[in-house]
Amino acid sequence: MFLPRRFLSVSLLSVLAMAGLVLIERNLFGLRYFSERVPGVEPYNLWHAWVALSLSLAAVQGFTRDAAWLGAPELRLASGRELGLCVAGWMLAVLMALVFVADPLGFSLLAREDGLVEWASALLIFIASGFFAFAAVGQLRVARSGTGRRAWMAAAFAALLALCFFVVGMEEISWMQRVFGIATPEGLLALNKQQELNLHNISTGFSELLYYTGSFFLLTLAPFVWLYLRKSISLGRLDAFAPSVLVLAASAPMAAFNSDNWSMLPTQMMVMIP
């Protein structure tokens, strides 16, 4: 059984380092660590980035040594359509980087409430939810024909992903509160940072950190790890849910577009590790 002990050790060390940084910023600077803020270039900020870089290098080296006995990763040639999607992703990343350099405030305003980016991102999330719901129905039909336990597992996993994406999408647009003019319940008004009908703005910085960290593990780290494991592990019907290296290539640059949360250790490591 593959157990990346060195990588897990560095991950635990990173959690402990982040706990230490939370205490430092709260006790010395009076700051909430899990909060959105403008990136700084003071000596403390540079030291913070050095800690993130050191842990990132240790994580990469640790996983490389852990996976050495598995041999070289298994790669395949990409189709023209797949390469086109990757190139489009990188072109979008370069374009957004130029926008950020030219006008940081304008870049931030692109993602404000009810803007084009918010609704486009929600639409893509709903499309993903619909795709997995369709896959769940298909796998359920196969499972009911008596093909085995893995078909049931695939149907359940696809249904779970469909539900997760649906909830994330509805949270993104505050459960269509502004579309239908729904008032925010009194209990949420005092708790919700933006006084909206959602849960993630109760603790916006921490919620976004969980969201982006989960995206990093699913879209960047998981495809990389699977390159090493796919030779020795067969998941049957569940293989279809394993993200390919092309997902990694298209997703990796997107981790950099999170300037409001740059002060957090995981955000910096998500940019530095790829």
Side-chain angles (χ1 to χ4, degrees), residues 1-74 164 168 200 202-233 242-243 245 247-274:
M1 178 180 177
F2 175 66
L3 183 63
R5 292 184 176 85
R6 296 178 180 86
F7 179 80
L8 293 176
S9 297
V10 175
S11 300
L12 177 59
L13 180 60
S14 300
V15 172
L16 295 176
M18 185 170 65
L21 293 169
V22 170
L23 294 175
I24 290 174
E25 297 200 5
R26 184 181 64 184
N27 295 325
L28 295 184
F29 305 114
L31 298 174
R32 292 177 61 249
Y33 191 78
F34 300 108
S35 61
E36 297 178 332
R37 69 185 82 156
V38 177
V41 290
E42 301 298 327
Y44 170 76
N45 304 120
L46 299 178
W47 174 79
H48 188 291
W50 175 81
V51 172
L53 179 61
S54 300
L55 290 170
S56 300
L57 293 174
V60 172
Q61 183 184 38
F63 181 82
T64 302
R65 294 179 63 185
D66 287 330
W69 66 276
L70 294 174
E74 183 177 294
C164 289
V168 170
H200 70 272
I202 293 177
S203 179
T204 305
F206 186 69
S207 299
E208 289 191 350
L209 178 64
L210 290 178
Y211 177 74
Y212 292 126
T213 302
S215 300
F216 172 77
F217 274 90
L218 178 63
L219 302 176
T220 304
L221 188 61
F224 180 73
V225 174
W226 186 241
L227 289 176
Y228 290 88
L229 298 183
R230 65 189 307 173
K231 294 186 298 183
S232 56
I233 298 178
V245 69
V247 174
L248 185 160
S251 304
M254 302 306 169
F257 299 103
N258 192 12
S259 61
D260 289 342
N261 289 334
W262 176 252
S263 59
M264 302 181 198
L265 181 66
T267 302
Q268 295 182 0
M269 292 182 66
M270 283 186 279
V271 175
M272 295 173 180
I273 286 178

Query raised in the report: Would you call the rings of Phe224 and Phe63 parallel, tilted or perpendicular if under 30° counts as parallel and over 60° as perpendicular?
Result: tilted
Report task. Show your reasoning for whether side-chain contact (heavy atoms from CB on, under 4.5 Å) applies to Trp262 and Asn45. Result -> CA-CA 10 Å; Trp262 176 252; Asn45 304 120; over 6 Å; no
Query raised in the report: Where the side chain of Asn261 meets the backbone of Thr267, is there a donor-acceptor pair that is under 3.5 Å apart?
Result: no
Query - Tyr211 vs Val168, side-chain contact (heavy atoms from CB on, under 4.5 Å): CA-CA, chis, key distance, verdict - result: CA-CA 9 Å; Tyr211 177 74; Val168 170; 3.6 Å; yes
Query raised in the report: Where is the tightest heavy-atom contact between Ser35 and Met264, given as atom of each residue plus distance?
Result: N-CE, 3.5 Å
Report task. Give a yes or no answer on whether the side chain of Arg37 reaches the backbone of Arg32 with a donor-acceptor pair at less than 3.5 Å. Result -> yes
Report summary line: Value for OG (Ser215) from CG (Leu221), rounded to nearest 0.5 Å, stands at 12.5 Å
Report task. Before giving the answer on side-chain contact (heavy atoms from CB on, under 4.5 Å), spell out for Tyr33 and Met18 the whole-Å C-alpha distance, their side-chain angles and the decisive distance to 0.1 Å. Result -> CA-CA 9 Å; Tyr33 191 78; Met18 185 170 65; 3.9 Å; yes
Query raised in the report: So, for Met272 and Ser56, which heavy atoms are closest and what is the spacing to 0.1 Å?
Result: CB-OG, 3.5 Å
Requested in this report: Provide the closest heavy-atom pair for Phe7 versus Ala59 in the form atom of the first, atom of the second, distance.
Outcome: CD1-O, 3.5 Å
Requested in this report: Output, in order, the C-alpha distance, side-chain angles, deciding distance and verdict of side-chain contact (heavy atoms from CB on, under 4.5 Å) for Leu265 and Leu55.
Outcome: CA-CA 10 Å; Leu265 181 66; Leu55 290 170; 4.0 Å; yes
Query raised in the report: Do Thr220 and Met270 touch side chain to side chain, with heavy atoms closer than 4.5 Å?
Result: no
Query raised in the report: Do Ser11 and Val15 touch side chain to side chain, with heavy atoms closer than 4.5 Å?
Result: no
Report task. Would you mind reporting whether Ile273 and Phe216 have side-chain heavy atoms less than 4.5 Å apart? Result -> yes
Query raised in the report: Quick one: CD1 on Ile24 to OH on Tyr44, what's the gap to the nearest 0.5 Å?
Result: 5.5 Å
Requested in this report: Over 60° means perpendicular and under 30° means parallel, so classify the ring planes of Phe206 and Phe34, tilted if in between.
Outcome: perpendicular
